[in-house]
Protein chains: 2
Amino acid sequence: MKLATYRNDNRDGRLMVVSRDLSRAIEAGERVPTLQYALDNWGRASPILEELYAALNRGDAAGSVAFDAERCASPLPRAYQWADGSAYLNHVELVRRARGADVPQSFYTDPLMYQGGSDAFLGPRDAIALRDPAWGLDFEGEVAVVTDDVPLGATVEICAGAIRLLMLVNDVSLRGLIPGELAKGFGFFQSKPASSFSPVAVTPDELGAAWSAGKVHLPLLVEYNGAFFGNPDAGVEMQFSFPELVAHVARTRELCAGSIIGSGTVSNKDRHRGSCCLAEVRMIETIEEGAPRTPFMKAGDRVRIEMKDASGNSIFGAIDQMVVAHD
Amino acid sequence: MKLATYRNDNRDGRLMVVSRDLSRAIEAGERVPTLQYALDNWGRASPILEELYAALNRGDAAGSVAFDAERCASPLPRAYQWADGSAYLNHVELVRRARGADVPQSFYTDPLMYQGGSDAFLGPRDAIALRDPAWGLDFEGEVAVVTDDVPLGATVEICAGAIRLLMLVNDVSLRGLIPGELAKGFGFFQSKPASSFSPVAVTPDELGAAWSAGKVHLPLLVEYNGAFFGNPDAGVEMQFSFPELVAHVARTRELCAGSIIGSGTVSNKDRHRGSCCLAEVRMIETIEEGAPRTPFMKAGDRVRIEMKDASGNSIFGAIDQMVVAHD
């Protein structure tokens, strides 16, 4: 099943069911007005949505319209939780190597995760407002899951069963603010402005065999200013599966339905697969050439993040965002 | 105006208007079903609520009932944002001194703040579930504000005008997990399980002259296992006002209505005022005696956090929580 949120007068928008090929969409209607409502009431809501989805794919859903990703907010325009892991350790290894530090052994067994702001996400086609180019604006291409309720202390198996949806993420980062914030000891805050998510969220079964062992075994496609930037496989070298990341959260607290848990920047050791953020390219340049060459984003720069199935069809629609200056 | 949320079958409960003396309450009704709804639509909702509040205080609100704090969830049972500052630098100075470190000069001009989990708060009288006593469970008594929408880059003056409500907080912390998490560099995560908030949230005007320059000039009363533990003045030695803390958030992103911004553990230099968390007492013991004596919380321990006006009347009702073991 594929779901999206069209903007309307409400802060949480209007839930849309989208056809598998992303060509058609239909309002879920008053019985399931928003995606958060669907997640709050998944047992009752999902059969209603599945029925609409089946009709849409058969081509006989009365009242369907052409799907327009430009009308989309993020599937959850605001959420009660956005927690982002850093599960691709190649990325962490590059960060550390670029500054001459080793990766602590514990990083291979204990996930890194930070709590992100979730009150006002950008939409998948929204401009990214930049107040100061010196802040070092960067994109980060990631995959994320949306959970149902998860009890305190839930096992990895229970967490696996609580994953309701998958999305792509652009975890917007202000690299210039990170060193100062991390030095303060409390983690990221101003350095992580609003993230954006793919136009469409999908249930795990939509990925078929590509959803296996709690990972998505498909390349994440990143284009920067219209050119290839990276296509690392999201199923390769992901040190912690999504169920393991969710269990990391649940170790000391329950999760409410609609919690979004991210993978961290997708990254493969194979350099031919490119990168999913500018910082990684700059780290490779630093390691190989002594200093970074690639600048961070400025007004007019554009990033596109997408994932396609084995037949080349877009699964989630594309995040496609341009930077604009903000006074 | 004073507002509370009674638990019901909905995740966000039912909004109640509470009389100034906390004796009576009345359902806000279908026009304003929840506190988040009120905050999402403050301009339209607050006159409706103010009218009910006036009637309740006059004693002629038909359908009012005795107010029962035991029925309360936190005013926002879940929220889109909970970001907590650390504005009482005496607390930070003690933390640092206990481990022989200085406070960086920048801490006096640049607020410390972390992003907390906000998807599932505890209620003001809920038990605190503890899976492992070795995690070092602690309470932290704080004050927090709830904001309206705040635009990106908002000035301190704009932020001051966007503060809609005040509450008390118990920012539950797992001290034993903090050193390991901070060493990983991404800030608090597992070490900050669900917080709880006072039964009642109040508009700033309820504080009269005690709400001044964006600070609450009243003692925060903390009892631990039935005995005095602290009564530091929340208006003294607060390095950053609430509007300044909100502006810190808004520097790189907008805030959505219903964002909760906390003060950090209230702390005065005057040792006679006691403390608002166990860790601070342990730090003083470490500084004065070489090692901490006071243990962290275990099953059966109880904390009470309250604030009274100049006449001795409770303003927000009391947070009163006991620890229970969780398998």
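Here is the naming used below: chain letters follow the sequence lines, and residue numbers restart at 1 for every chain.
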Heavy-atom distance under 4.5 Å to chain A: side chain of [X], backbone, both or neither?
X        : result
B/Trp82  : neither
B/His248 : both
B/Val172 : neither
B/Ala257 : both
B/Asp12  : side chain
B/Pro111 : backbone
B/Arg78  : both
B/Ser106 : neither
B/Leu152 : both
B/Arg131 : side chain

Residue among A/Ala120, A/Ala194, A/Gly117, A/Ser86 with most heavy-atom pairs under 4.5 Å to chain B: A/Gly117

Closest-packed option against chain B by number of heavy-atom pairs under 4.5 Å, given A/Ala129, A/Ala83, A/Gly116: A/Gly116

Distance, nearest 0.5 Å, that separates [atom1] of [X] from [atom2] of [Y]:
X        : Y        : atom1 : atom2 : result
A/Leu130 : B/Thr252 : CG    : OG1   : 10.5 Å
B/Gln115 : A/Gln190 : CD    : CD    : 11.5 Å
A/Arg253 : B/Leu174 : CZ    : CG    : 10.5 Å
A/Lys184 : B/Asp110 : NZ    : CG    : 3.5 Å
B/Ser118 : A/Tyr80  : OG    : OH    : 9.0 Å
A/Asp119 : B/Thr147 : CG    : OG1   : 8.0 Å

Ring centres under 6.0 angstrom apart (A/Phe189, B/Tyr114): no

Largest heavy-atom contact set with chain A, pairs under 4.5 Å, which of B/Asp40, B/Asn10, B/Val249, B/Leu182: B/Asp40

B/Arg125, CZ: over 12 other non-hydrogen atoms inside 6.0 angstrom: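 Yes, enclosed.
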
More than 12 heavy atoms from other groups under 6.0 Å of CZ on A/Arg96: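 Enclosed.
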
Side-chain heavy-atom pair B/Arg251, A/Leu177 within 4.5 angstrom cut-off: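 Touching, per the 4.5 Å side-chain cut-off.
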
Short N-O contact, A/Arg11 and B/Asp149, less than 4.0 angstrom: yes

